[in-house]
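The shown structure was predicted, so the numbers you read here are calculated from the model rather than taken from an experiment.
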Amino acid sequence: QVQLVESGGGLVQAGGSLRLSCASSGGTFSGYAIGWFRQPPGNEREFVAAINWSGSSRDYADSVKGRFTISRDDAKNTVYLQMSSLKPEDTAVYYCATGIYRNLVDRMDGYNWGQGTQVTVSS
């Protein structure tokens with residue numbers, strides 16, 4: 001089982017950008033699908049984006065389409081979430097997880113979760 005570590009969160013002004021990273025610790029996740037999720041303050045966890053094992057398929061929540069881009073670099077054992085045109089409602093703890101691609105997208109069902117990274121967007 002790979003261990004995932006999220007990084008890249010921080011405080012940013014509305015309209016700004018951040019790039020989050022999800023990296024494996026101690027092993028490769030080549031061949032795994034990866035999903036990004038977030039939990040806003042006082043709200044339930046929600047799906048953000050996912051990428052399949054090869055990078056040929058990607059999916060996004062409607063709320064982030066056109067603003068967020070998920071990508072992977074298996075040589076670096078890292079998946080990225082590039083976030084642009086950030087809004088205050090994007091404020092949340094962001095998590096990544098491995099899983100079956102369709103389960104990540106449709107069921108928020110992941111096998112191996114990181115600790116999360118805080119993203120705060122100010123107005």
Under 4.5 Å between any side-chain heavy atoms of [X] and [Y], yes or no?
{"X": "Gln118", "Y": "Leu11", "result": "no"}
{"X": "Trp36", "Y": "Glu6", "result": "yes"}
{"X": "Lys76", "Y": "Ser21", "result": "no"}
{"X": "Pro40", "Y": "Glu89", "result": "no"}
{"X": "Phe68", "Y": "Leu86", "result": "yes"}
{"X": "Val12", "Y": "Met83", "result": "no"}

Between [X] and [Y], which heavy-atom pair has the shortest distance, and what is it?
{"X": "Ala14", "Y": "Pro88", "answer": "CB-CD, 4.2 Å"}
{"X": "Ala23", "Y": "Thr78", "answer": "CB-OG1, 3.9 Å"}
{"X": "Arg45", "Y": "Met108", "answer": "NH2-O, 3.1 Å"}
{"X": "Gln115", "Y": "Tyr95", "answer": "O-CE2, 3.5 Å"}
{"X": "Gly31", "Y": "Arg72", "answer": "N-NH2, 4.2 Å"}
{"X": "Ala61", "Y": "Phe47", "answer": "CB-O, 3.3 Å"}

How far does CZ of Phe29 sit from CG of Asn77, to the nearest 0.5 angstrom?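 Between Phe29 CZ and Asn77 CG, I get 6.0 Å after rounding to 0.5 Å.
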Atom CD1 of Ile51 and atom CG of Leu81: how far apart are they, to the nearest 0.5 Å?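 Output value for this atom pair is 10.5 Å.
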Tell me, with the steps shown, if Ile100 and Tyr111 meet side chain to side chain contact (heavy atoms under 4.5 Å, CB included). CA-CA 8 Å; Ile100 297 171; Tyr111 297 138; 3.0 Å; yes
Using 30° and 60° as the class limits, which term best fits the ring planes of Phe37 and Trp113: parallel, tilted or perpendicular?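 Tilted.
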Counting N and O atoms only, with roles assigned by atom type, does the side chain of [X] sit under 3.5 Å from a partner on the main chain of [Y], one being a donor and the other an acceptor?
{"X": "Thr91", "Y": "Val121", "answer": "yes"}
{"X": "Asn52", "Y": "Gly55", "answer": "yes"}
{"X": "Tyr60", "Y": "Ile70", "answer": "yes"}

Given the rule in the salt bridge (Lys or Arg N to Asp or Glu O under 4.0 Å) test, do Lys87 and Asp90 qualify, once you have shown the distances and angles that lead to the verdict? CA-CA 5 Å; Lys87 306 173 181 179; Asp90 295 318; over 6 Å; no
[X]-[Y] co-clustered via ILVMFWY side chain contacts under 4.5 Å:
{"X": "Val64", "Y": "Ile34", "value": "yes"}
{"X": "Val48", "Y": "Val79", "value": "yes"}
{"X": "Tyr80", "Y": "Leu4", "value": "no"}

Scan side-chain atoms only and decide if Ser56 and Ser54 contain a donor-acceptor pair under the 3.5 Å cut-off.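 Short answer, yes.
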Please enumerate all residues that pass side-chain hydrogen bond (donor to acceptor under 3.5 Å, both in side chains) together with Arg102, with sequence neighbours excluded.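 If we apply the side-chain hydrogen bond (donor to acceptor under 3.5 Å, both in side chains) test to Arg102, skipping adjacent residues, the hits are Asp106.
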